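These notes are about the structure you will find just below.
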Amino acid sequence: MTRYTLPLRLMFALFLLALAAGVANADTVKSLKKKVTAQNQQASGPLYASRPEVMAFADDLASRRNLDPQWVRQAIGQSRLNPTVVRLMQPPGQAFVKNWRVYRSRFIDPVRIQAGVNFWQANRAALLRAESDYGVPADMIVGIIGVETIYGRDTGSFRVIDSLATLAFDFPASHPRAQERSDYFRGELEQFLTMENRRNADPFQPRGSYAGAMGMPQFMPSSQAKHAVDFDGDGRIDLWNSPADVIGSVASYFRAYGWQSGMATHYPVSFDTARLDMDALMAPDILPTFGVASFTAKGAVLEGPALEHKGPLALVELLNGPDAPSYVAGTDNFYVITRYNWSSYYAMAVIELGREVRQAMEKSAVSGNGR
């Protein structure tokens, strides 16, 4: 029997419409992902071995990295263009209205919070050691892993080498930064193949996101090379199956980007409309730029601990669709989180998921003591 399925582009568009309307729940997301995964497994374009310019890249890579040229040619040549990856990387056809409340609802829900509690309880010792070694609190690490993959439940089904090759050699030309992004993914493909070769591993085995991010923390190959650590001490780094390695690697990443132990990520902020210079406050975007005195002189109102903050601040705007935006005063640590994913919405989701999981842990502990 022939089974009819909706085209992937249509399914993805319907999902985005549901998300923008605030009606896409966890079951909707799960159902769509199953359909996308099924079609992705069948989506196989031509082999890159047929492209002379790609094989020239393989030879150059092997020479520069001192790798076996036949191994590199075989790896790249047997990778395939994935049309699904191309479609997913294309710019949206219409303007997308950002909505923090809807975005938050995707990540802060009872299922993900309980999964976070389970992960924290199972890996308490590693989380404590990561905070001691790197200064990054457990709730930040738990927030990252929960937002990225629900603690390893969804690490991606795309063959990494296909995703990276597709984006390296066939990045959508309609993208406004197509050449820049293509160059970036060529670097990621190079790093991925170098790592797999050094580990004597099968480059066709790893699965990840459509952009080539891997494992529980969704590290790109360059991030894995720079920041991943063998935190469980077994002599190898495993970002898929070793929670300790994942925890240590996320903490290592944060420290490398300047995480400061004991510093808040953000503070509440309101405005004195009589003095408000919103254009000046918004000009640096999310880059912390203003001292407390300069920040408040432009009409931002801070209270309590925020007035004692010693570093620079940024006014972070979170749009809420047709409703009034939300604002916070972001610190250097808030900015560090955005180096993991360049989005203030992402950073707030990580912070709030980590906070919700911590509160659920504390509530569970109190309930247990009361029995």
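A quick note: this is a predicted structure, and the numbers were derived from the prediction, not measured.
- Judged by the 6.0 Å and 45° rule, R129 forms a cation-pi pair with F231.
- Shown here is E362, whose CD atom has more than 12 heavy atoms of other residues, nucleotides or ligands within 6.0 Å.
- Side chain to side chain, S222 and Q191 fail the donor-acceptor criterion of an N or O pair below 3.5 Å.
- Ring orientation note: the planes of Y346 and Y340 are close to parallel, at an angle under 30° on the 30°/60° scale.
- For the atom pair D277 CG and M282 CE, the distance stands at 12.0 Å (nearest 0.5 Å).
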query = Please walk me through it: do N320 and S326 pass side chain to side chain donor-acceptor pair (under 3.5 Å)?
reply = CA-CA 7 Å; N320 288 306; S326 302; 2.9 Å; yes

inquiry  = Could you walk me through whether D183 and R181 satisfy the salt bridge (charged side-chain N to carboxylate O under 4.0 Å, His left out) test, starting with their C-alpha distance in whole Å, then the side-chain angles of each, then the deciding distance to 0.1 Å, before giving a yes or no?
reply    = CA-CA 5 Å; D183 292 343; R181 301 308 292 161; over 6 Å; no

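- Taking the six-membered ring where the residue is Trp, F171 and H175 present perpendicular rings, their angle passing 60° and hence far from 30°.
- Linking ILVMFWY side-chain heavy atoms closer than 4.5 Å, directly or via other members, places I286 and I144 in a single hydrophobic cluster.
- Side-chain contact between E196 and Q205 is absent, with no heavy atoms from C-beta onward closer than 4.5 Å.
- In this structure, Y345 contributes its side chain and L319 its backbone to a donor-acceptor pair below 3.5 Å.
- With a 6.0 Å cutoff to the six-membered ring centre and a 45° limit on the axis angle, R186 counts as a cation-pi contact of F57.
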request  = Starting from the C-alpha separation in whole Å, work towards a yes-or-no answer on side chain to side chain donor-acceptor pair (under 3.5 Å) for S242 and D232.
outcome  = CA-CA 8 Å; S242 170; D232 62 11; 2.8 Å; yes

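- The backbone N or O of G146 lies less than 3.5 Å from a partner atom in the side chain of R112, making a donor-acceptor pair.
- Residues M348 and L313 do not share a hydrophobic cluster, defined by chaining ILVMFWY side chains whose heavy atoms lie under 4.5 Å apart.
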message = Walk me through whether N82 and F158 qualify under side-chain contact (heavy atoms from CB on, under 4.5 Å).
response = CA-CA 9 Å; N82 189 325; F158 291 80; 3.8 Å; yes

Just list the side-chain donor-acceptor pairs under 3.5 Å for residues 267-274, sequence neighbours left out, or say none.
residue	atom	partner	partner atom	Å
Y267	OH	H309	ND1	3.1
D272	OD1	A274	N	3.1
D272	OD2	R275	NE	2.9

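- Checked for salt-bridge contact, E356 and R104 meet the test: a charged N lies under 4.0 Å from a carboxylate O.
- One hydrophobic cluster, built from ILVMFWY side chains closer than 4.5 Å, holds both Y257 and V229.
- Looking at S249, its side chain does come within 3.5 Å of a backbone N or O of D245 through a donor-acceptor pair.
- D133 places none of its side-chain heavy atoms less than 4.5 Å from the side chain of R255.
- Both the sub-6.0 Å distance and the 45° axial angle are not jointly satisfied by R51 relative to the ring of Y48.
- The neighbour count for N66 CG, taken as heavy atoms of other residues, nucleotides or ligands under 6.0 Å away, does not exceed 12.
- Counting only heavy atoms from C-beta outward, the side chains of Q218 and T149 approach each other to under 4.5 Å.
- Within the 4.5 Å cutoff, the side chain of S163 has no heavy atoms near those of the F185 side chain.
- T166 contributes a side-chain N or O that, together with a main-chain N or O of D162, makes up a donor-acceptor pair within less than 3.5 Å.
- Counting heavy atoms from C-beta on, the side chains of F219 and M214 never come closer than 4.5 Å.
- Contact check for R198 versus T194: side-chain heavy atoms found under the 4.5 Å cut-off.
- The backbone N or O of L47 sits less than 3.5 Å from a side-chain atom of S50, completing a donor-acceptor pair.
- Under the 4.5 Å side-chain contact rule for hydrophobic residues, L128 and I247 do not share a cluster.
- The residues R73 and D59 are annotated as salt-bridged, a charged nitrogen and a carboxylate oxygen being separated by less than 4.0 angstrom.
- Here the straight-line distance linking atom CG of L281 with atom CD of E317 works out to 11.0 Å at 0.5 Å rounding.
- Contact of the M263 side chain with the K310 side chain is not registered, since no non-hydrogen atoms from C-beta on lie closer than 4.5 Å.
- For the pair D323 and R101, the salt-bridge criterion is met [side-chain N within less than 4.0 Å of a carboxylate O].
- Cation-pi check for R339 over Y335 is met; the charged atom lies under 6.0 angstrom from the ring centroid and within 45 degrees of its normal.
- Contact annotation: the side chain of D154 never approaches that of E148 to less than 4.5 Å [non-hydrogen atoms, C-beta and beyond].
- Side-chain heavy atoms closer than 4.5 Å link hydrophobic residues (I, L, V, M, F, W, Y) into clusters, and following such links, even through other members, never connects L315 to L318.
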